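Here's the structure, in C-alpha cells; my notes come after.
Note that the structure is a prediction, hence the values are computed from the model and not measured. Side chains included, hydrogens not; waters and symmetry mates left out as well; all remaining heavy atoms used.
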Amino acid sequence: MESRAYLKRFAWLSIAAAIITIVLKAAAYFLTGSVGLLSDALESIVNLAGAIMALAMLNIASRPEDKDHHFGHSKAEYFSSGMEGGFIIIAAGGIMYTAIERLINPQQLEQLGIGLAVSVVAGLVNLVAALIIGSNGEKHNSITLKANAKHLMTDVWTSVGVLGGVGLVAITGWQPLDSLVAIAVAINIIWSGVGIVKHSVSGLMDTVLPEEELDIVRKRIEELLPEGVTYHALMTRQAGARRFVSFHVLVPGEWTVEHGHVLLEKLEVQITQLLPNMVVFTHIEPLDDPASWKDQTLDHHSDDILEGELASFDE
C-alpha cells in the first residue's frame with residue numbers, strides 16, 4: 001500500500017489550504033461583519049479538522065497487514081470520509097443558527113469591497129486545492145481524498161453563494177439577504193455531508209465492485225478458462241482502496257491437483273493485474289460432483305453434504 005503513504009502529501013496540502021483560508025475568511029468577516037462570510041470561515045475550520053482526520057486515516061491505511069489485521073488497514077479511509085461528512089453537517093448547523101440569529105437581529109455590513117476581495121482569494125485557494133486533491137483521489141481510488149475534495153468544493157460553492165449574497169446586499173442595501181444566503185448555503189452543505197456519510201457507510205458494509213469493474217473481471221475469467229472448465233460463486237467487495245474477488249473454478253474430476261493448481265495460479269495472477277490493489281481468492285471443484293453446484297453463497301455447507309460425501313471420504 002505504498003500509494004497510501006504517497007497520498008498523505010495531499011492531506012498536507014488540504015491542511016495548508018484550510019489554514020490559509022481560515023485566516024483570509026476570518027479577516028473578511030472582521031472587516032465586513034457579514035454573517036455569510038462568518039459561515040464561510042466556520043466551514044474552513046471544519047475543513048481543517050477534516051484534513052487532519054484524513055492525514056491520520058491515510059497514515060493508518062498505508063500500514064501493511066499484521067497479525068491483528070490480515071487483510072490490511074485500508075478500511076480506515078471510510079472512517080475519515082464518514083467523520084468528514086459529519087463535520088460538514090455540524091458546520092452547517094452552526095452556520096444556520098448564526099444566520100437565523102442575524103436575521104432576527106440585523107447588522108449593518110461594512111467595507112464590503114475589501115472583504116469580498118479577500119474572500120475571493122480564499123475561494124481560489126480552495127478551488128486549486130480541491131482540483132489537485134480530487135484528481136489524485138480518483139487516480140488512486142482514495143475515498144478519503146475524494147471526500148476531502150468534495151468538502152473543499154462545497155466550501156468553494158459556499159464562497160460563491162456568500163459572495164453573491166454580500167454583493168446583493170451591497171447593491172440593494174437589503175441586509176436580510178446576507179442571512180438568507182447563509183441559510184441556503186447551510187442547506188446545501190448538509191446535503192453534501194449526508195451524501196459523504198452515506199457513501200462511507202456503504203463502504204463499511206462491504207459493497208460489491210462497480211458494475212464496470214465486475215464486467216472487466218468476468219470477461220477476463222471467461223477468456224482464461226480452457227474448454228470444459230467453468231466457474232461460479234463470483235463474489236466481490238471493496239475495502240478502501242483494496243478490491244477483493246473470490247470465485248470457484250469447476251474442472252473435470254480426472255484432473256490432477258497440480259493441473260488444477262497451475263490453472264488457478266494463472267487466473268489469480270492475470271486477474272490481480274486487471275485493477276490496482278486487487279486481491280483474488282479461488283477455489284477448485286470437480287464438475288461432476290453435485291455438491292460443487294451447491295456452494296454459491298457464504299453459508300453453503302448443508303448438513304447432507306457434511307453427513308454424506310464428507311463422511312464417506314473420512315472412512
Side-chain angles (χ1 to χ4, degrees), residues 1-4 61 63-78 139-143 202-315:
M1 297 295 286
E2 292 86 356
S3 63
R4 301 300 102 179
R63 297 175 186 171
E65 60 273 15
D66 55 36
K67 65 178 182 178
D68 294 321
H69 305 87
H70 292 175
F71 292 94
H73 301 76
S74 57
K75 275 197 171 182
E77 291 200 54
Y78 291 117
K139 180 180 178 181
H140 297 279
N141 194 30
S142 170
I143 184 175
S202 177
L204 289 170
M205 293 297 292
D206 283 346
T207 52
V208 299
L209 297 182
E211 192 60 38
E212 58 271 20
E213 294 185 5
L214 276 172
D215 288 341
I216 293 172
V217 172
R218 292 191 191 102
K219 182 179 179 181
R220 192 66 180 131
I221 293 174
E222 292 162 6
E223 289 173 349
L224 293 169
L225 290 180
E227 186 176 351
V229 176
T230 187
Y231 77 101
H232 69 191
L234 175 64
M235 293 186 288
T236 67
R237 68 184 180 94
Q238 182 100 29
R242 289 283 190 192
R243 299 171 171 90
F244 291 90
V245 173
S246 170
F247 60 96
H248 298 181
V249 180
L250 293 90
V251 304
E254 62 271 16
W255 276 27
T256 64
V257 173
E258 182 179 7
H259 194 172
H261 172 72
V262 170
L263 173 62
L264 295 192
E265 282 289 305
K266 179 181 179 181
L267 285 167
E268 290 178 8
V269 170
Q270 293 280 337
I271 295 168
T272 299
Q273 296 174 349
L274 289 175
L275 297 164
N277 299 313
M278 180 85 86
V279 179
V280 180
F281 301 101
T282 55
H283 175 66
I284 195 166
E285 298 172 314
L287 266 169
D288 52 358
D289 185 353
S292 299
W293 300 91
K294 297 179 181 179
D295 57 358
Q296 300 197 51
T297 62
L298 287 175
D299 302 312
H300 62 266
H301 295 298
S302 59
D303 292 340
D304 61 327
I305 294 177
L306 291 173
E307 296 175 2
E309 284 90 343
L310 293 183
S312 61
F313 177 79
D314 290 336
E315 294 173 0

So how far is it from [X] [atom1] to [Y] [atom2], rounded to the nearest 0.5 Å?
| X | Y | atom1 | atom2 | value |
| --- | --- | --- | --- | --- |
| His283 | Leu250 | NE2 | CG | 8.5 Å |
| Ile216 | Glu211 | CD1 | CD | 11.0 Å |
| Leu209 | Phe244 | CG | CZ | 10.5 Å |

For this session: For the pair Val217 and Val280, evaluate side chain to side chain contact (heavy atoms under 4.5 Å, CB included) and give the outcome as yes or no after the intermediate values.
Result: CA-CA 10 Å; Val217 172; Val280 180; over 6 Å; no

Problem set entry | Any pair counted as salt bridge (Lys or Arg N to Asp or Glu O under 4.0 Å), so long as it reaches residues 225-237, sequence neighbours left out |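 Found Asp206-Arg237.
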
Problem set entry | Pairwise ring-ring contact (aromatic ring centres under 6.0 Å, His included) hits with a residue in residues 202-228, at least two apart |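 Listed once each, the pairs would be none.
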
Problem set entry | Min side-chain heavy-atom separation Pro252-Val229 under 4.5 Å |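 Counting from C-beta outward, Pro252 and Val229 do come under 4.5 Å.
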
Name every donor-acceptor pair, under 3.5 Å, that has one atom in a side chain of residues 255-276 and the other anywhere in the protein, sequence neighbours excluded.
from, atom 1, to, atom 2, distance (Å)
Thr256, OG1, His259, N, 3.0
Glu268, OE2, Thr282, OG1, 2.5
Gln270, OE1, Arg220, NH2, 2.6
Thr272, OG1, Glu268, O, 2.5

Seminar exercise, completed: By side chain to side chain contact (heavy atoms under 4.5 Å, CB included), Glu222 pairs with (sequence neighbours left out) Arg218, Tyr231

For this session: Identify, with sequence neighbours excluded, every residue that meets side chain to side chain contact (heavy atoms under 4.5 Å, CB included) alongside Ser246.
Result: Phe281

Problem set entry | Least distance between heavy atoms, Gly253 atom then Pro286 atom |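 In this case the closest contact between Gly253 and Pro286 is CA-CB, 4.2 Å.
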
For this session: Return the set of residues passing side chain to side chain donor-acceptor pair (under 3.5 Å) with Glu213 (not counting sequence neighbours), or none when no residue passes.
Result: Arg243

